[in-house]
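The basis for the numbers below is simple: all heavy atoms, side chains too, and nothing from hydrogens, waters or symmetry mates. Note that the coordinates shown come from a computational prediction; the quantities given were computed from them, not determined experimentally.
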Amino acid sequence: MNSSDHPVFDAIIIGSGAGGSAAAYALVKAGKRVLMLEKGGFLPRDGSTQDVDTVFGAQRFKASDAWRDGQDQPLALDEFHNVGGKTKWYGAALLRFSPQEFLAEPEQHYLPWPFGYDELAPFYAQAEQLLHIRHFPHEPDLQTIMARMSRQTHAWQISPLPLGLAADILNDPQEARHFDGFASTRGLKWDGQTALLDGLLTSPLFHLRENTPVHGLYADPDQPHRIAGVELADGRRFTAHQVILAAGALNSPRLLQTFLAAHPHVSLPAASLVGANLKMHLNTALMAFSWTKKHDVLRKTALFLNDQFPHSSVQCLGWLDEHLLGTQLPRFVPAWITRLMGRRAYGFFITTEDGSSTANRVEARQNGAPMLDYQPERAPQALREHRAVIRAFKQTLRRIGHVSASRATWPTGTAHALGTLVTGLDPARSVVDPTGKVYGLEGLYVADGSVLARVSRVNPALTIYAWGLRLGDHLAKNASTHRQPAG
């Protein structure tokens, strides 16, 4: 397929993660012709994506892309290139942002969304239906932990955690133990591929090309501010009325930066913000150990909130045992200690909303590896709250007989990398307008987490799905599909 032997697509989507899969779903269901280009391929169904040694030990499925940090030192990131993107590996916790989290909080360095919660609410509802979100009952070990916490303090409000998992996943212990950080073999986790893309594969309107990295964007030669399509490394070009960036907050801005560098006559109102305002969430993994053995299987069913820490949350992590723990501990730790700890451990994930700083950024570099320059100290209020909520949660666990240890995930843990093509009302202070279009360019839109002005205190996936559905709905209703191909 090349630019001379196929019709012009209504949309080309670069990337197949949450935003890309949602936008594709909305467009195809509205009768639009969509080409999706994914850098990686389909994951195997041979069980390897649920094998601890393969996934966490050998890290077989992580991308091998070379990155540099702000001091020009090598940086190995937790990135994945595969159909479904990071959604194949996420923990399936799918929560809405609160109405408050769409508003500005300048003292926290939190930017405002260009619209309120009500604008996204119907697309949240649609995403929840498509992803089959449900609550699972708390298992006995977790019930004991929660009951003891409640007797110690009423500061922690505990609620069920909405999960995108099949209702019968507990009938398959292998799947139940290996959904958080693993890719489902049987399709029992509702990710972007399983919930959205698989249903499009038989449609004549949808064309998915795997293992097809995009080299760059190209402009209409007669209208340099209109993106006409994409170009692959081998020089092939594909043309569309709209091009949608959905390669993630680390990759989408680099495609735009590369285009701007190659077209110096093309200017954007906020060109300096392309790649800026990188937010990672302040995430810390916490292991709690007690003398009693733990037998819960699913585990990840509860969300903990505390009014003293209004921008933070704590949720359970999935299955943990000596095998999984052993991949994270130094090799010199004796096996009997790993076995003793793993059988008595329960995991938690502490999240604080990260603030925006233009100094935290991603940059494409023509003569070298791309740069990720991120320091959480650039949003000091958020960092202070994060440290405080960790202390408070550890103290509560200690009072109920659990010793804990924690480790921050940044900067290599990029599962929640967001905000690098921020949306807003002011073209001089934001890159993307409220509809998803890049200010100053025609035909270019963004569907992924790059747009998030605020990132909330909970996992961002459901919000990215909702944004993608809204973008697809907008383009299907409003964008012209009768323009002539460029070139």
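- Ring geometry for His132 versus Trp190: interplanar angle of 30 to 60°, hence tilted.
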Requested in this report: Please report the C-alpha distance between Glu79 and Lys86 in whole Å, then the side-chain angles of each, then the deciding distance to 0.1 Å, and finally whether the salt bridge (charged side-chain N to carboxylate O under 4.0 Å, His left out) criterion is met.
Outcome: CA-CA 8 Å; Glu79 288 292 293; Lys86 294 177 186 175; 2.8 Å; yes
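- No side-chain donor from either of Gln381 and Glu107 sits under 3.5 Å from a side-chain acceptor of the other.
- A donor-acceptor pair is defined here as one N or O able to donate and one able to accept, closer than 3.5 Å; no such pair exists between the side chain of Asp473 and the backbone of Leu469.
- A donor-acceptor pair shorter than 3.5 Å can be found between the side chains of Tyr374 and Asp354.
- Between Tyr439 atom OH and Leu444 atom CG the span is 14.0 Å, to the nearest 0.5 Å.
- Judged by distance alone, the side chain of Arg344 and the main-chain N or O of Trp291 form a donor-acceptor pair under 3.5 Å.
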Report task. In sequence, state the C-alpha distance, the side-chain angles, and the governing distance for Val455 and Thr463, and then conclude on side chain to side chain contact (heavy atoms under 4.5 Å, CB included). Result -> CA-CA 9 Å; Val455 297; Thr463 299; over 6 Å; no
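- Salt-bridge check for Arg365 with Asp72: passed, with a basic side-chain N closer than 4.0 Å to an acidic carboxylate O.
- No hydrogens or angles considered: nothing links the side chains of Asp296 and His138 as a donor-acceptor pair under 3.5 Å.
- Ionic pairing of Asp180 and Lys300 is present here: one or more N-O contacts between side-chain nitrogen and carboxylate oxygen are shorter than 4.0 angstrom.
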Report task. Apply the test salt bridge (charged side-chain N to carboxylate O under 4.0 Å, His left out) to residues Asp53 and Arg60: give CA-CA distance (whole Å), side-chain angles for both, the deciding distance (0.1 Å), then the verdict. Result -> CA-CA 9 Å; Asp53 290 332; Arg60 169 183 160 189; over 6 Å; no
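- Judged by distance alone, the side chains of Tyr117 and Arg96 do bring a donor and an acceptor atom under 3.5 Å apart.
- Under 3.5 Å, the side chains of Gln59 and Asp78 contain no donor-acceptor pair of N or O atoms.
- Under a 3.5 Å cut-off, the side chain of His402 and the backbone N or O of Arg398 do not form any donor-acceptor pair.
- Screening Gln71, Arg378, Arg68 for a side-chain hydrogen bond (donor to acceptor under 3.5 Å, both in side chains) involving Asp373 leaves a single residue, Arg378.
- Donor-acceptor pairing under 3.5 Å is lacking for the side chains of His295 and Glu139.
- Taking the charged nitrogens against the carboxylate oxygens, Glu119 and Arg470 do have a contact shorter than 4.0 Å, which makes a salt bridge.
- Ring geometry for Trp113 against Phe102 counts as tilted: the plane angle lies between 30° and 60°, on a 0 to 90° scale.
- Glu38 places a side-chain N or O within 3.5 Å of a backbone atom of Gly40 that can act as its donor or acceptor partner.
- Side chain of Asp191 to main chain of Lys88: no donor-acceptor pair is present (N/O by atom type, distance under 3.5 Å, no hydrogens or angles).
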Requested in this report: Apply side chain to side chain contact (heavy atoms under 4.5 Å, CB included) to Leu37 and Ile13, showing your working.
Outcome: CA-CA 6 Å; Leu37 302 174; Ile13 301 176; over 6 Å; no
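- Looking at Asp321 and Lys293, no side-chain N of the basic residue comes within less than 4.0 Å of a carboxylate O on the acidic one, giving no salt bridge.
- In this structure, CG in Leu475 is found 5.5 Å from OH in Tyr445, a value given to the nearest 0.5 Å.
- In this structure, a donor-acceptor pair under 3.5 Å is absent between the side chains of Ser456 and Glu353.
- Judged by distance alone, the side chain of Ser356 and the main-chain N or O of Leu111 form no donor-acceptor pair under 3.5 Å.
- A donor-acceptor distance shorter than 3.5 angstrom exists from the side chain of Thr87 to the backbone of Gly192, with no hydrogens or angles considered.
- Using modelled atom types, one finds a donor on one side chain and an acceptor on the other under 3.5 Å when comparing Lys294 with Thr292.
- No donor-acceptor contact under 3.5 angstrom links the side chains of His135 and Thr301, judged on distance only.
- Checked options Phe61, Phe179, Phe56, Phe182; the residue passing with Trp89 is Phe61 (criterion: ring-ring contact (aromatic ring centres under 6.0 Å, His included)).
- Expressed to the nearest 0.5 Å, how far CZ of Arg177 lies from CH2 of Trp319 amounts to 4.5 Å.
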